[in-house]
Each structure stands twice: as C-alpha cells, then as structure tokens.
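To keep things clear, I will list the structure first and then write my remarks on it.
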2 protein chains.
Amino acid sequence: MPRPSEPTRERIVQAASALFYNEGIRRVSVDEVAAKAGLTKRTLYYHFKSKDDLVAAYLAARDQPNLALFRKWFAETDGGLPVKVEAIFKNLARSARHPKWKGCGFLRTSAELANMPGHPAIRIGAAHKKKFEDWLRTTFAEQGIADPLKLARQILLLLDGSFAVVLLHRDASYMETAGEAARTLIETALGKPRRKQG
Amino acid sequence: MPRPSEPTRERIVQAASALFYNEGIRRVSVDEVAAKAGLTKRTLYYHFKSKDDLVAAYLAARDQPNLALFRKWFAETDGGLPVKVEAIFKNLARSARHPKWKGCGFLRTSAELANMPGHPAIRIGAAHKKKFEDWLRTTFAEQGIADPLKLARQILLLLDGSFAVVLLHRDASYMETAGEAARTLIETALGKPRRKQG
DNA sequence: GTATGTATACTAACCAGTGAATATACACAA
DNA sequence: TTGTGTATATTCACTGGTTAGTATACATAC
C-alpha cells in the first residue's frame, strides 16, 4: 500500500530515535530499526540513502523540541535571570532521574563518532549547541550583561558537563550542582552583592 | 618465544589504548588490536578473557597518568588557588589543540556504552572522576573553603563540560572559557573582592 | 616433561547495502 | 465507466565482508 510516504518516513525516524538513543549508533543495526518500524530494510533504504543519513535524521528530529523545552522551562519560571536559568537545570535533573534517561543524544553521538569529524551527525549536534548558546547570549545581552557571549559559553559548559557527569555517575544531583554554579556565575556577571555559596 | 608475558600484556594494552581512544570501542575489532600489537587474536585471548576485559584494561591504564598530569600542572603553577586551577584548563587547552586529541577517553567510553550501565569500563571511569573530585575537595578543604565538595563538583562539571564541548565543536578556546569560570567560582567561594568577569 | 605462551584455522552470527520483482494509487484515455 | 501507463512504495533474497570467541596443536623455557 503506497502513498503514505511522509508518515512512513516519520515512523522510521521514531524507531531509529528510540534505538539509537537507547543503545548507541554502532550498536544498532539497520535491520533492527526497520523491524521496529514494522517494515523491511529494503523499504528503509528507499527512504534513506544510508545509515549515516538515518543517524542525521535522528538528531535533526531532536533539535527543535529540545530547544523548545529549555525555552519553556525558562519562560515559565518566575524570578530574575539567575533563577530562570537555574530552573533549566532543576527541570533537567527531574528528567535525568527517569530510568530510561541516557544523557544528551548529541553529545553521545559526537563521542561515539569522534573518529569521523566531518560526519553530518556531528555538524547537526554542533549547530544545536550553537543555537542554545545563541539564545542564551541574546537573552543575557538584553539584560545588560557585559560579556554575554562568555557567560553563555560558561552556562553551556555547565550544561554539557552535567550531561556527561550524570551519565557517568548515574547521579542526577550533579545537575543541581551545575545549576547552582550557573546561578553564581550569572550573579557575578550581574554584579550582585557577593554571597559565599553554600 | 614464551616468557615475556608482562611486556606482552603491556604491549597489548598499548595497542588497544591507541585504537580504542582514536576509533571508539565498538568500531575497533579484537583482530585489529592483535595486529597492532604484533600477535594473533588467539594470543590476545590468552592474556584477556574477553573484549570487555581489554576495554577495562585500556581505561585502567589511563587512570593514574591522567591524574598525575593534573596534579603536576597544579603544582608547577605559581599563584593562588584560582590561578593554579585555571592552569589545569590552560594546559588542557594546549593538549586539545593537538590534531589527534579526541576528548576524554573515560567520558567517550561511558557515552558509547551507556546502554550497559554495569560495564566494568564505566565503573573505572566513574572511579577516575571521583578520584579527581576527591583531590580537588581535599585541596579546597585545606584552603579553608566553606563547602569544598560543592566547589570540587562544580570544577569537575566545568572540566567534563569542556571535554564534551571542545570535542563537539573542535574549538579548544572553550577550555579557556571553562578555566575562567572555574576561577570565578573559586574566587567567589574564597570571598575575594567581586570583580565583574570580562 | 610440564607450565606457559603462541599460532593456524575455524564457527556461527551479524551487518550495510543491493538486484530484481512486485503491488498500489492515480491520471488520463477510450 | 473502464482500461492502461507510470511514479511511488514495498518486499524477498542475496552478497561480500566483518566479528567475538574457540578447538586444537605446537613451541619454548626451566
């Protein structure tokens, strides 16, 4: 039965996403993705020209929803800039306590494919992180922060650090530690009255 | 020619380290490791009971030298606590600019094997990071920091974040950004006179 | 003459990608 | 209304290659 096409492609990406995120790229075979999507490998290769292409689609599908979530958490939190940013980390900690959580798909893919620097999936991951950084930088600039780019980069480092450390230790409390560090850095940049952290 | 034994085992670990770090765990076959070590796979399986065992040996061999390097960079830098810690990041930035640099072997392995939470390699990685954190915590405690554990965790987050971000973007300047953030956090914890970062 | 160490040759499974054929839906003609 | 061509979509069966791990035999040192 032809003529679905877009739904089919969507279904393949859904299946690929679940498998690649949970098991890793190289661990998952194209056959497994096809089986999970309920079709044959040959059909999958009709919609995607290679496994690399499928991996790229997996990450591309994560880009917008991920950023939207961060923006939502930021927007729905009442308070000043430090509090709103810290809220992102608190919400992330909640996600990370879910048993199926396995870190950041972009970072894990870039780690697994580190021997293929030009791989499309890595470019998509890099662009995703740049978008997040840009959003922070713009937000900080609007608040009159002196060096908004530097502060945005520092927050990004804390975010990605917490992804990596929480994945390694399976201890989501690091996510909250990162949030506190972010708050301290933002308060310092704002020139807020100093207050020993603790 | 029998009777070398320990040198042989060592040679295998050396070969495995180069390959696993450069190419990734699942990408590298046991045959490749054996070939690089100049012997057959069967001999390799005489010294290691499985590939997992070999992966564990690869990371175990990285543990001490890595920590020693951080301690060395810290010790050989003149100045206060913030400057000495920042020096670690500066030295790391220099390493990261080397073309063969591919991030932190512990983090990349934990990302690749995230679907096997009990894997020995992940436990070795977690223990390694704990050792680093413990060293920082002890050092901070000796300097009278109020909450040395929290600060040590924050620095660890920045360190591992910079590993991840620099690997993704291939831009070692993030390592220096992380160093500045570390300095800011330490100065804040020390109650130093506030100074807008920038 | 036995522990230790090494090599040859193999198994059984897996995997990315393809060749050839087929089925369906729809446009258009009769 | 009915037949027919064509692009779209799907399947079966296959290839050539790779992989972790092993059965068996052989060599060296002490």
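Computed over heavy atoms, backbone and side chain alike; hydrogens, waters and symmetry mates excluded. In what follows, every chain begins at residue 1, and chains take the letters A, B, ... in the order their sequences are listed.
- Judged by Watson-Crick or G-U wobble contacts below 3.5 Å, the nucleotide C:dA13 has D:dT18 as its partner.
- Judged by closest nucleotide on DNA chain D, A:L44 is the one of A:L44 and A:K41 placed further toward the 5' end.
- Among the atoms of the strands shown, base atoms are found under 4.0 Å from some heavy atom of A:T43.
- In this structure, A:V28 reaches the sugar-phosphate backbone alone: every heavy-atom distance under 4.0 Å involves primed, P, OP1 or OP2 atoms, never a base.
- Proximity of B:Y45 to B:K41: side-chain heavy atoms (C-beta onward) are separated by under 4.5 Å at one or more points.
- Of the candidates C:dA16, D:dT8, D:dG21, the closest approach to any side-chain atom of A:V30 belongs to C:dA16.
- Looking at heavy-atom distances under 4.0 Å, B:T40 makes contact with a base.
- Look at CG on B:L39: it is 10 Å from C1' on C:dA7, rounded to the nearest Å.
- Rounding to whole angstrom units, OH of residue B:Y45 and P of D:dT19 are separated by 11 Å.
- The separation between B:L54 atom CG and D:dG21 atom P is 10 Å, rounded to whole Å.
- As rounded to whole Å, 6 Å separates atom C1' of D:dA9 from atom NE2 of A:H47.
- Nucleotides of DNA chain C nearest to A:R27 and A:R42 differ in position, and the one nearer the 5' end is that of A:R27.
- Taking atom CG of residue B:D31 and atom P of nucleotide C:dA7, one finds them 13 Å apart after rounding to whole Å.
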Please test B:D160 against A:F163 for side-chain contact (heavy atoms from CB on, under 4.5 Å), starting from the C-alpha separation and ending with a verdict.
-> CA-CA 9 Å; B:D160 287 343; A:F163 278 126; over 6 Å; no
Any chance you could lay out the side-chain hydrogen bond (donor to acceptor under 3.5 Å, both in side chains) test for A:S50 and A:D52, step after step, and finish with the verdict?
-> CA-CA 5 Å; A:S50 67; A:D52 284 350; 5.1 Å; no
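- Taking 4.5 Å as the limit, some side-chain heavy atom of A:F48 sits within range of a side-chain heavy atom of A:R9.
- Between the OH atom of B:Y46 and the C1' atom of D:dT24 there is a distance of 16 Å, rounded to whole Å.
- A:F74 and A:W135 have their aromatic ring centers within a separation under 6.0 angstrom.
- Using the Watson-Crick or G-U wobble rule with both distances under 3.5 Å, C:dT4 pairs with D:dA27.
- We find that CZ of A:F48 is positioned 15 Å from P of C:dA16, with the value rounded to whole Å.
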